[in-house]
2 protein chains.
Amino acid sequence: MTKKVDNENIISRQGYRNTKSRAAVVEILENAEIPLSAEDIYLRMKESGRSASLSTVYRILELMENNRLVERTSVNNNKAMFTLVRSGHKHHLICTSCHKMVALGGCPLKGLESDISRETQFDITGHRLEVYGICPECRKR
Amino acid sequence: MTKKVDNENIISRQGYRNTKSRAAVVEILENAEIPLSAEDIYLRMKESGRSASLSTVYRILELMENNRLVERTSVNNNKAMFTLVRSGHKHHLICTSCHKMVALGGCPLKGLESDISRETQFDITGHRLEVYGICPECRKR
DNA sequence: GTAGATGCAAATTTTTTGCATTTAG
DNA sequence: CTAAATGCAAAAAATTTGCATCTAC
């Protein structure tokens, strides 16, 4: 598991400075199995004694997004959620009642992108998939 | 094409009043092949002489969402986009450069929801899929 | 030392809400 | 007539920006 080092390198490799805040954002996203909002990240940084301002968090996320290190997802009503781009990308199942997220195995889009590219003439760069439902706990209520 | 009547009925059928603003929102969403933001809808209502306040548009969309007449998608940076729920649901291909949207045929999730349900014990209620890429026009530049 | 990163406060943008007024049923 | 819908203005929530200060390189 040298992911952490890899990601820090990705930031510095692109000519950006490897600051504590950036390392913290990368590490927090790495250890999150589910998408996080900017505020989630901000709070986790604070808790772990690596406080940065919320605007810094937004700026780091913007930088990472531009460099394809994170993807922006929207889930919890009008709040942007961010996920680290990993080699094996994931999709999530979200309970519409309690907002719990569960990672799904596999990607049903695999192999389909080339078909879409041929049909539409677009260069396909990625996709976002979320599945919604009611989790067993919420159903019981 | 009696979609319009159908949708108006859906609103009134649920015990809600069939107002001009509501009919206008339904009609505008019907004629849109792509997701629209609340403001898009607000502007189209104004253009077509059926002005309503932006807050009314938001309230109508909220009502429709709660009654599963529209789905909320987020695409254009931090702006909620709304799509009318139709029997044959659609997914979209979005140019990350100019934000153009193109509807895709077919749904690769068809049939997959029952597998996910079995594996996770969730009741699956829906999903959202967006594919990203660069359109031919933007690629040329 | 210097360009780039950060913090803070203020500005913008998007969405929601309170309340008086209007309207569909 | 009456509950529900709307408009308006103000509030709240989320994100971005300007500028002075700090820090990685």
Side-chain angles (χ1 to χ4, degrees), chain A residues 5 7-28 35-46 48-67 69-82 99, chain B residues 7-28 35-46 48-67 69-83 99:
Chain A
V5 172
N7 277 304
E8 285 179 14
N9 282 348
I10 290 171
I11 286 186
S12 41
R13 209 173 283 155
Q14 315 231 359
Y16 302 109
R17 294 186 180 169
N18 184 22
T19 67
K20 279 181 200 173
S21 299
R22 286 174 179 173
V25 170
V26 169
E27 195 235 274
I28 285 167
L36 299 177
S37 69
E39 196 178 16
D40 290 337
I41 295 169
Y42 165 79
L43 290 173
R44 291 182 191 205
M45 288 173 77
K46 198 180 240 175
S48 61
R50 293 173 293 181
S51 295
S53 71
L54 191 52
S55 38
T56 295
V57 175
Y58 273 109
R59 282 191 274 230
I60 292 173
L61 289 169
E62 187 188 20
L63 178 80
M64 293 180 73
E65 189 187 19
N66 291 340
N67 289 279
L69 298 179
V70 298
E71 277 177 359
R72 185 184 293 241
T73 309
S74 166
V75 174
N76 288 344
N77 277 351
N78 310 321
K79 250 187 168 175
M81 307 293 280
F82 299 85
H99 295 149
Chain B
N7 277 304
E8 286 179 14
N9 283 348
I10 290 172
I11 287 186
S12 41
R13 209 174 281 156
Q14 315 228 1
Y16 302 110
R17 294 182 181 174
N18 184 21
T19 67
K20 279 180 199 172
S21 300
R22 286 174 180 174
V25 170
V26 169
E27 194 234 274
I28 285 167
L36 299 177
S37 70
E39 194 177 18
D40 291 337
I41 295 169
Y42 165 78
L43 290 172
R44 291 183 189 204
M45 287 174 76
K46 198 180 237 173
S48 62
R50 293 173 293 181
S51 295
S53 70
L54 190 53
S55 38
T56 294
V57 174
Y58 272 109
R59 282 192 273 231
I60 292 173
L61 289 169
E62 187 188 19
L63 178 80
M64 291 179 75
E65 190 187 18
N66 292 340
N67 289 280
L69 297 179
V70 299
E71 276 176 0
R72 184 184 294 241
T73 309
S74 167
V75 174
N76 288 344
N77 277 350
N78 311 322
K79 251 188 166 175
M81 308 292 280
F82 299 85
T83 321
H99 294 149

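Reminder, nothing fancy here: chain letters follow the sequence lines and each chain counts from 1. This one's a predicted model, so the numbers in the text were calculated from it and none came from an experiment.
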Atom [atom1] of [X] and atom [atom2] of [N]: how far apart are they, to the nearest Å?
X        : N       : atom1 : atom2 : result
Arg22(B) : dG25(C) : CZ    : C1'   : 13 Å
Asn66(B) : dT16(C) : CG    : P     : 11 Å
Lys79(A) : dA12(D) : NZ    : P     : 17 Å
Leu54(A) : dA11(C) : CG    : P     : 18 Å
Lys20(B) : dG25(C) : NZ    : C1'   : 15 Å
Tyr42(B) : dG7(D)  : OH    : C1'   : 11 Å
Met64(A) : dA5(C)  : CE    : C1'   : 15 Å
Asp40(A) : dA14(D) : CG    : P     : 11 Å

* To do: Assign each of Ser53(B) and Ser55(A) to its nearest nucleotide of DNA chain D by heavy atoms, then name whichever residue's nucleotide is nearer the 5' end.
  => Ser53(B)

Tell me whether the side-chain N/O atoms of [X] come closer than 4.0 Å to OP1 or OP2 in [N].
X        : N       : value
Thr56(B) : dG7(D)  : yes
Asn78(B) : dT16(D) : yes
Thr19(B) : dT6(D)  : yes
Ser21(B) : dT6(D)  : yes

* To do: Tell me which of Ile60(A) and Phe82(B) sits closer to the 5' end of DNA chain C, going by the nucleotide each one is nearest to.
  =>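 That would be Ile60(A).
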
* Asked: When all nucleic acid strands are considered with a 4.0 Å heavy-atom cut-off, which category describes Ala38(A): base, sugar-phosphate, or nothing?
  -> nothing

* Do Thr19(B) and Arg17(B) have side-chain N/O donor and acceptor atoms under 3.5 Å apart? ->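 On atom types as modelled, these side chains do not qualify, holding no pair under 3.5 Å.
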
* Asked: Are the side chain of Ser48(A) and the backbone N or O of Arg44(A) linked by a donor-acceptor pair below 3.5 Å?
  -> yes

* To do: Mark yes or no for a side-chain to base donor-acceptor pair under 3.5 Å between Arg17(A) and dA3(C), with no hydrogen or angle criteria applied.
  => yes

* Asked: Between the base of dG4(C) and the side chain of Arg59(A), is there a donor-acceptor distance below 3.5 Å?
  ->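 Checked by distance alone, the answer is no.
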
* **Arg50(A) side chain near Glu27(A) side chain, heavy-atom distance below 4.5 Å** =>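 In short, these two side chains touch, coming nearer than 4.5 Å.
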
* To do: Would you mind reporting whether Leu61(A) and Arg72(A) have side-chain heavy atoms less than 4.5 Å apart?
  => no

* To do: Check the pair Tyr42(B) / Leu54(B) against side chain to side chain contact (heavy atoms under 4.5 Å, CB included), numbers first and verdict last.
  => CA-CA 6 Å; Tyr42(B) 165 78; Leu54(B) 190 53; 3.6 Å; yes

Given [options], which nucleotide is nearest the side-chain atoms of [X]?
X        : options                 : answer
Tyr16(A) : dT15(D), dA5(C), dA5(D) : dA5(C)
Tyr58(A) : dA5(D), dT6(C), dT16(D) : dT16(D)
Ala52(A) : dT6(C), dG7(C), dT15(D) : dG7(C)

